[in-house]
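Taking it in order: structure first as structure tokens, then the write-up.
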Amino acid sequence: MRQNGERWRAPYATNPTATRGRLIAEASSPTRSDFQRDRDRIIHSSAFRRLKHKTQVFVHHEGDHYRTRLTHTLEVSQIARALARALGLDEDLAEALALSHDLGHTCFGHTGEDALDALMQAHGGFDHNAQALRIVTRLERRYAGFDGLNLAWETLEGLVKHNGPLLEADGTPTPRWAARGIPVAILEYNALNDLELARFAGPEAQAAALADDIAYDSHDLDDGLRAGLFDLADLDAVPFLADILAEIDELHPNLDPSRKIHELARRVITRFVEDVIAESGRRIAALAPDNVAAVRSASAPVIAFSPAIAAADRAIKTFLFARMYRHPGVLAVRARADIIVADLFARFTTEPAAMPEEWSAGLAGAEEDRVARRVADYIAGMTDTYAVLAHKRLFASTPDLHWSPESRGLPLAEP
């Protein structure tokens, strides 16, 4: 009998001893599996450290207790490990995928990505998943024998397919990519190392993707409530949340608001995690996969929300989009951050020498597309702080990104 929390390996889990290997062959480690090595390489990368000062929703200086890309990533990692352990998956691979899923995000959160994508439309666009692939296959330059991190095939597959397959069975882009096409960075790497873009990723990648949804649903509710962008009473608009709040009131009447917010956030995570475990168990029983290839070849994800919880997830996201991501204060800061990104892009594309030498080297007389992509790589790697300082160095005035949302006087941590 297996006690709660003990590890076990299901037959459909990704087996680290049967990995498809790395693009550049390396000797195996006597102490770590390939997926453990991938996790460690990601943690020690420069891109991972920069997540500390990259925006999730609020810019970096608005409060020490709001989430950043790094704290979000750590929360995703914890949830992904919990799902992997409960379902008998490879916990190390799930953790590596969770830790790497946001490496390609720019400064200023989705504002930076949207701005760079618009600026790069004539040069192939910008996508944070494709940028994460560029980072781990090209832009990190730490190892003597290769550029990037030389991660295992299964880790790269999960990173690229974070949102599911990119191609239909007939080779055409899936609806997500039909209008804009598959990012060039993904197609270029796929030509070297086929990631099977028309198939689902392994179960660990599917678990990490759901962990991402669970984490930001929960922590964006937490941050939004503590920032005063909406009230607990406003959550009655989402029946799933209203039911949880009613449960908290019944169990803990007259609970102070700060504790009530925490109880809400932890219950959202618990409900979602337990639902994924139960629904995935049903799907696994129906499919009866005896190896990971059967999971990849399935017609639908094997690790998934139930229909009811998928609807709750959509309702929470709809609420957050209207009340948090489109809050006038957040939008005002986004508009000013957009100016910073656009100014930097314009300066660096017309004057590449304004970038550090390691970024400007070899761009004299280079084609416009090459210059633009190098500039996008440079800006995407910036933290919020670095981008602001770079703008101040190059321009006479820099938009002020300070905005302090009213916190309702709620404590963000124990005194």
Side-chain angles (χ1 to χ4, degrees), residues 56-57 67 71-73 75-87 89 94 98 101-102 110 162-164 175-176 200-201 203 205-227 229-252 255 257 259-286 298 300-327 330:
Q56 182 68 20
V57 174
R67 270 72 171 189
T71 57
H72 163 71
T73 294
E75 292 180 28
V76 175
S77 175
Q78 177 270 315
I79 296 169
R81 289 197 311 270
L83 292 174
R85 186 169 298 195
L87 294 167
L89 309 179
H101 84 282
D102 268 357
H110 288 288
H162 183 71
N163 296 305
R176 177 184 177 87
F200 282 96
Q206 296 179 28
L210 289 179
D212 186 24
D213 286 333
I214 294 168
Y216 79 68
D217 279 357
S218 171
H219 65 51
D220 282 1
L221 286 169
D222 188 351
D223 282 351
L225 285 164
R226 294 184 186 279
L229 302 186
F230 46 85
D231 292 317
L232 284 164
D234 296 328
L235 301 184
D236 286 342
V238 183
F240 174 79
L241 300 177
D243 289 346
I244 292 178
L245 289 171
E247 175 187 291
I248 296 170
D249 287 339
E250 182 177 352
L251 293 172
H252 307 285
L255 190 64
R259 292 178 187 270
K260 193 171 183 179
I261 291 171
H262 177 67
E263 288 295 323
L264 170 68
R266 67 191 289 261
R267 279 170 166 78
V268 168
I269 293 174
T270 299
R271 299 284 200 284
F272 278 29
V273 167
E274 291 177 350
D275 178 82
V276 171
I277 293 169
E279 175 65 18
S280 301
R282 287 189 288 271
R283 295 188 180 207
I284 289 165
V302 172
I303 313 301
F305 290 133
S306 69
I309 292 299
D313 172 58
R314 290 192 297 272
I316 291 172
K317 286 178 169 58
T318 298
F319 176 88
L320 289 170
F321 184 86
R323 300 299 299 272
M324 187 174 187
Y325 313 139
R326 289 296 179 263
H327 185 280
V330 174

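A quick note: this is a predicted structure, and the numbers were derived from the prediction, not measured.
In this structure, Val302 and Phe200 have side chains that are not in contact, with every pair of non-hydrogen atoms separated by 4.5 Å or more. Side-chain contact check for His162 versus Asp212: some heavy-atom pair is nearer than 4.5 Å. Side-chain contact check for Leu241 versus Val268: some heavy-atom pair is nearer than 4.5 Å.
Judged purely by atom type and a 3.5 angstrom limit, Asp213 has no side-chain atom pairing as donor or acceptor with the backbone of Leu210. Listed for the Gln206 side chain is a donor-acceptor partner under 3.5 Å among the backbone atoms of Ile303. For the pair Ser280 (side chain) and Val276 (backbone), a donor-acceptor distance under 3.5 Å is present.
Here Ser218 contributes atom OG and His262 contributes atom NE2; the two are 9.0 Å apart, rounded to the nearest 0.5 Å. Atom CG of Leu229 sits about 11.0 Å away from atom OH of Tyr325, to the nearest 0.5 Å. For the atom pair Ile269 CD1 and Ile214 CD1, the distance stands at 8.0 Å (nearest 0.5 Å). The OG atom of Ser77 lies 10.0 Å from the NE2 atom of His101; values are rounded to the nearest 0.5 Å. Remark: Leu221 CG to Arg226 CZ distance equals 11.5 Å, nearest 0.5 Å. The CG atom of Asp313 sits 9.5 Å away from the CZ atom of Phe240 when rounded to the nearest 0.5 Å.
The two residues Phe230 and Asp220 come nearest to each other via the heavy atoms CZ-O, 4.2 Å. Across every non-hydrogen atom of Val76 and Ala98, the tightest pair is CG1-CB, 3.8 Å. The two residues Leu87 and Ile277 come nearest to each other via the heavy atoms CD2-O, 3.9 Å. Between His72 and Asp102 the shortest heavy-atom distance is CD2-OD2, 3.2 Å. Between Gly224 and Met324, the shortest heavy-atom contact is N-CE, 3.7 Å. Of all heavy-atom pairs spanning His327 and Arg323, the tightest one is CB-O, 3.7 Å.
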Begin with the C-alpha distance, continue with both residues' side-chain angles, and end with the deciding distance and a verdict on side chain to side chain contact (heavy atoms under 4.5 Å, CB included) for Leu89 and Leu83. CA-CA 8 Å; Leu89 309 179; Leu83 292 174; over 6 Å; no
Can Lys260 and Glu263 be said to form a salt bridge (charged side-chain N to carboxylate O under 4.0 Å, His left out), step by step? CA-CA 5 Å; Lys260 193 171 183 179; Glu263 288 295 323; over 6 Å; no
Apply side chain to side chain contact (heavy atoms under 4.5 Å, CB included) to Tyr216 and Glu75, showing your working. CA-CA 9 Å; Tyr216 79 68; Glu75 292 180 28; over 6 Å; no
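A salt bridge does not link Arg271 to Asp275: none of the charged nitrogens lies less than 4.0 Å from a carboxylate oxygen.
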